[in-house]
Amino acid sequence: MALRPARGARAAQAARRLHLNRIVSLVPSITELVCELGLADQLVGRTGYCIHPKDVLTNVPKVGGTKSVKLEKIRELAPTHVIVNVDENTREAADALAAFVPNLIVTHPLGPLGNLALYRQIGSAFGKEREAEALCSRFELALREAEKRKFESRKVLYLIWKDPWMTVSRDTYVSRTLALFGLQTLPESAEARYPEISLGEPWLRDVDFVLLSTEPYRFREKHRGELEAILSKPARLIDGEMTSWYGSRAIAGLGYLAEFSSRLSSPPAAA
C-alpha cells in the first residue's frame, strides 16, 4: 500500500499547486495587520496571544505562545511563511523555524515611523502593496494630526510586569512612541531593553507619573492604588495594545495616546 503524505504535507502540496500562501504569524500585532491587509484566508496558524480580530481568528489554529512556540505543530501546518519579531519571539525559535520554513519574515519596528516600513514589508511579501500604501497614508495622516498638538513634558515610569517589576528602556518602540506625546520614560539609560527594577531606585524621585500597562502583565485598578501607596506618585492605567502594538492598531494608537497625554493630569475616571 502506498503511503499517503501527512495532512500538513498534502495541504502544502495543494498550496504550491494553487500558488497560495500559508502564513503562520507569531506576532499578535502583525497577525492583526495580516488580516487588515486582506490576508486572513491565508493565515493557517497564530499564537494564543493573537486575539484581534476575534471573529476572524476563532478558527485559526494556535501554535503556542510568543515565547513558547510549538515547533512540531507549526511543521504540521506546512507554512510557506512564518512571521516573527525580534522582541516577541526567541532567537532559538527563529533559528529552528528557518530550518524548515521556506520564508521566515523577521520584523523589528523600533519607533512609530517603523510602522511605514512594516506595512510595506508585509505588503510586498504577499502582493498587497496597494493595501500597504493605503495604511501608510492613514498612519501619516494620524501622525500629522498628533504632531499639530502641544504636549506637556512629563517623566514617566512605564511598568510592563510585576514580580519582578519591569519597565522599558528608551531603546524601545514603546518609549519612542510615548516620547511623541511628551512622555519621557525613566530610567534615562539601561543596559537591558526591558530592565528589571526595584521600587527603591533613587531615580524614581524624578518620576511624575507611573503608567501601568494592561499588557503583557494585566495591571488593573487595584495595582494602581498599590503603586501610589508605595511610591507616593500618581499612577494611571494605560492601554498596552494602543501603546505597544505596531501594525494597523498603531494608527488608532496615535489618537489614543494624544488624548491620554492631554488628560493625564486629570483625576482617573472612577472604576
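By convention here, the first residue in the shown sequence is residue 1.
No close placement of the H108 and Y173 rings is indicated, their centers lying 6.0 Å or farther apart. Ring pair F260/F181: centre-to-centre distance not below 6.0 Å.
Under the 4.5 Å side-chain contact rule for hydrophobic residues, V34 and L57 share a cluster. Under a hydrophobic-cluster definition in which Ile, Leu, Val, Met, Phe, Trp and Tyr are linked whenever side-chain heavy atoms come within less than 4.5 Å, directly or via other members, I23 and L33 are assigned to the same cluster. Following chains of ILVMFWY side-chain contacts shorter than 4.5 Å, one cannot reach L71 starting from V60, and the two form parts of different hydrophobic clusters. M242 and Y119 fall within the same hydrophobic cluster, defined by Ile, Leu, Val, Met, Phe, Trp and Tyr side-chain heavy atoms under 4.5 Å apart, directly or through other members. One hydrophobic cluster, built from ILVMFWY side chains closer than 4.5 Å, holds both L212 and L231.
Closest approach of G240 and S213 over heavy atoms only: CA-OG, 3.3 Å. The heavy-atom pair separating I74 from P79 by the smallest distance is O-CD, 3.1 Å. Pairing each heavy atom of I105 with each of H81, the nearest pair is CD1-CD2, 4.1 Å. Across every non-hydrogen atom of A258 and S262, the tightest pair is O-OG, 2.8 Å. In terms of heavy-atom proximity, E129 sits nearest to S124 at OE2-CA, 3.6 Å. Taking all atoms of both residues into account, the shortest heavy-atom contact from T185 to S175 is OG1-OG, 2.6 Å.
A salt bridge between E259 and R149 is present, with a side-chain N of the basic residue lying under 4.0 Å from a carboxylate O of the acidic one. Looking at E72 and R75, a side-chain N of the basic residue comes within less than 4.0 Å of a carboxylate O on the acidic one, giving a salt bridge. Ion pairing between E36 and R249 fails under the 4.0 Å rule for side-chain N and carboxylate O. Salt bridge status for R224 with E221: present, with a side-chain N to carboxylate O gap under 4.0 Å. Between E145 and K148 there is a salt bridge, with a side-chain nitrogen of the basic residue lying less than 4.0 Å from a carboxylate oxygen of the acidic one. Taking the charged nitrogens against the carboxylate oxygens, R138 and E140 have no contact shorter than 4.0 Å, which rules out a salt bridge.
Residues I30 and T107 have side chains in contact (heavy-atom distance under 4.5 Å, counting atoms from C-beta outward). Between V84 and L104 the shortest side-chain heavy-atom distance falls below 4.5 Å. Residues H52 and P28 are not in side-chain contact: their nearest non-hydrogen atoms beyond the backbone lie 4.5 Å or more apart. Between L143 and L180, the closest side-chain pair of non-hydrogen atoms falls below 4.5 Å. The shortest distance between side-chain heavy atoms of L183 and S261 falls below 4.5 Å. Residues L37 and I122 are in side-chain contact: their nearest non-hydrogen atoms beyond the backbone lie under 4.5 Å apart. Between L20 and Q42 the shortest side-chain heavy-atom distance does not fall below 4.5 Å.
The number of heavy atoms from other shown groups lying within 6.0 Å of NZ (K233) is above 12. Heavy atoms from other residues, nucleotides or ligands lying under 6.0 Å from NZ of K67 number more than 12. No more than 12 heavy-atom neighbours from other residues, nucleotides or ligands sit within 6.0 angstrom of OH on Y49.
Remark: R120 CZ to C136 SG distance equals 3.5 Å, nearest 0.5 Å. Atom-to-atom distance recorded for L186:CG and D208:CG is 8.0 Å, nearest 0.5 angstrom. Note that OG1 of T80 and CZ of R22 are 8.0 Å apart. Values are rounded to the nearest 0.5 Å. Taking CD of E131 as the start and CZ of F126 as the end, the distance is 13.0 Å to the nearest 0.5 Å. Atoms CG and CG, on L257 and L264 in that order, are 11.0 Å from each other to the nearest 0.5 Å. A distance of 9.5 Å separates CG in L116 from OG in S137, rounded to the nearest 0.5 Å.
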Check against side-chain contact (heavy atoms from CB on, under 4.5 Å), V24 and R46: CA-CA 6 Å; V24 171; R46 62 179 173 107; over 6 Å; no

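Exactly one residue among T47, T66, I83, T31 makes a side chain to side chain contact (heavy atoms under 4.5 Å, CB included) with L26. That residue is T47. Between Y194 and the choices T172, D87, T167, the side chain to side chain donor-acceptor pair (under 3.5 Å) rule is met once, by D87.
Ring planes of H223 and F219: perpendicular class, angle over 60° (limits at 30 and 60°).
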